[in-house]
Amino acid sequence: MEGWDKGTKSVVGEIPLLSTRAGPRDGEAWRQRLKEEYRALIAYTSVNKSKDNDWFRISAANPDGTRWEGTCWYVHNLRRYEFPLQFDIPVAYPQVAPEIELPTLDGKTHKMYRGGKICLTVHFKPLWAKNCPRFGIAHALCLGLAPWLAAEVPILVDSGMVKHKDDEAAPADAAAASGSAAAS
C-alpha cells in the first residue's frame, strides 16, 4: 500500500482479505471461495454506500459464480455515465485476475483490449499477483476498475467518444417533436 493515497488505503483496508486458494474447478473449495468473495463484495459495497460513493451493481450471472454481470457508473461534470460490466472468472483464478469488460466502450480507447476488456496489465496485475490469493473480485473492482474509470471516462467524454444518455436521446426527441409539429 506504499504510495497509495489515504482514501484508497482506508477503503482497501475495509475490504476483507480472502484466504481460500480455489478456482472454478475446485468443487467445495470453490464454493468456500465464493462465500468469501460475497462477504468481501458486501463489505466493499457497504463502505462505498457509507461514504456516498456507490458506483456499481454486480452479481453472479450463473449458479457456479464463474460469470459476473452488472453496471458501473462514473460521475463527470455532475453527469452520471453508466456502462454494462461483465467478466468471467478464469480457470486459473485466483492466481490470474479476472479480465473486466465494458463492452459498450470497445474500440473507444487504446487502454482496452478487443471485446471491451480494460487494460490493467501495468498497474493492477502485478499488485494482484503479489497479493494472491488474498485479493478477490471486490479488490479487482476497487483497485482495477475504479481507477480505470476515473482516468478514462473524463477523457472519453471530453473527446466526444462517450455521450451522456440524455445527449444521445436529445436529437431523436427533437426530430420527433419537429415531425409531430409539422404534421399538425
Side-chain angles (χ1 to χ4, degrees), residues 1-75 80-105 115-153:
M1 288 203 242
E2 185 177 315
W4 292 2
D5 65 274
K6 185 178 174 183
T8 302
K9 283 182 184 179
S10 171
V11 171
V12 172
E14 294 187 52
I15 301 173
L17 295 174
L18 290 73
S19 60
T20 303
R21 184 183 290 268
R25 294 183 178 173
D26 294 326
E28 188 55 42
W30 172 242
R31 285 186 280 288
Q32 177 60 37
R33 173 73 185 206
L34 271 177
K35 289 177 186 175
E36 293 177 22
E37 295 281 2
Y38 278 116
R39 274 188 236 121
L41 280 166
I42 290 167
Y44 181 41
T45 302
S46 297
V47 167
N48 286 341
K49 287 184 178 190
S50 73
K51 296 178 187 247
D52 198 25
N53 188 29
D54 195 23
W55 64 274
F56 71 90
R57 295 278 180 274
I58 193 166
S59 61
N62 64 12
D64 298 333
T66 57
R67 176 85 178 153
W68 292 75
E69 295 176 347
T71 303
C72 62
W73 53 91
Y74 185 81
V75 176
R80 179 172 154 160
Y81 295 85
E82 293 187 21
F83 310 99
L85 158 69
Q86 62 190 34
F87 59 89
D88 292 306
I89 298 294
V91 173
Y93 189 82
Q95 289 77 16
V96 176
E99 293 184 325
I100 300 170
E101 302 169 38
L102 303 174
T104 58
L105 295 181
K117 294 178 181 177
I118 67 172
C119 178
L120 298 173
T121 307
V122 175
H123 302 291
F124 180 69
K125 290 198 177 179
L127 184 63
W128 181 277
K130 183 178 169 183
N131 289 283
C132 173
R134 297 178 308 254
F135 276 9
I137 295 166
H139 297 89
L141 295 173
C142 178
L143 298 170
L145 181 58
W148 190 93
L149 290 170
E152 291 300 306
V153 171

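Side-chain contact between Tyr93 and Pro98: present, with at least one pair of heavy atoms (C-beta onward) separated by less than 4.5 Å. Between Asp64 and Pro24 the shortest side-chain heavy-atom distance does not fall below 4.5 Å. No side-chain heavy atom of Gln95 sits less than 4.5 Å from a side-chain heavy atom of Pro90. The shortest side-chain heavy-atom distance between Leu120 and Trp128 does not fall under the 4.5 Å cut-off. With a 4.5 Å cut-off on side-chain heavy atoms, Gln32 and Asp26 do not count as touching. In this structure the side chain of Leu149 reaches within 4.5 angstrom of the side chain of Cys72, judged on heavy atoms. A 4.5 Å side-chain heavy-atom check between Leu18 and Arg134 finds every atom pair outside the cut-off.
With hydrogens and angles disregarded, no donor-acceptor distance shorter than 3.5 Å links the side chain of Trp55 to the backbone of Asn48. Between the side chain of Glu36 and the main chain of Thr20, a donor-acceptor pair closer than 3.5 Å is present. Between the side chain of Trp73 and the backbone N or O of Asp54 there is at least one donor-acceptor pair closer than 3.5 Å.
Here CD of Glu28 is found 15.0 Å from CZ of Arg33. Values are rounded to the nearest 0.5 Å. Residue Glu37 holds its CD atom at 11.5 Å from CD1 of Ile42, rounded to the nearest 0.5 Å. In this structure, CD1 on Ile15 lies 11.0 Å from OG on Ser46, to the nearest 0.5 angstrom. Note that CZ of Phe87 and CD1 of Ile58 are 4.0 Å apart. Values are rounded to the nearest 0.5 Å. Here CZ of Phe83 is found 10.0 Å from CG of Leu145. Values are rounded to the nearest 0.5 Å. We find the CZ-CG distance between Arg67 and Asn62 to be 8.5 Å, quoted to the nearest 0.5 Å.
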- Using the side-chain contact (heavy atoms from CB on, under 4.5 Å) rule, take Val11 and Asn53 through it: C-alpha gap first, then chi angles, then the decisive distance, then the call. CA-CA 11 Å; Val11 171; Asn53 188 29; over 6 Å; no
- Item | Working for side-chain contact (heavy atoms from CB on, under 4.5 Å), residues Leu85 and Thr71 | CA-CA 5 Å; Leu85 158 69; Thr71 303; 5.9 Å; no
- For Phe135 and Leu127, run side-chain contact (heavy atoms from CB on, under 4.5 Å): C-alpha distance rounded to whole Å, both residues' side-chain angles, the deciding distance at 0.1 Å, then the answer. CA-CA 9 Å; Phe135 276 9; Leu127 184 63; 3.9 Å; yes
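Looking at every heavy atom in both residues, Cys142 comes nearest to Pro147 through O-CD, 3.3 Å. Smallest separation of non-hydrogen atoms from Pro94 and Gly23: CD-N, 4.4 Å. Across Glu101 and Gly115, no two heavy atoms sit closer than the pair OE1-O, 3.9 Å.
For Lys35, the NZ atom counts as loosely surrounded, since its 6.0 Å shell holds 12 or fewer non-hydrogen atoms of other residues, nucleotides or ligands.
When each of Leu141, Ile100, Ile137 is tested with Trp68 by the rule side-chain contact (heavy atoms from CB on, under 4.5 Å), just one qualifies, namely Ile137.
Ring centroids of Trp148 and Tyr74 are separated by 6.0 Å or more, keeping the two rings apart.
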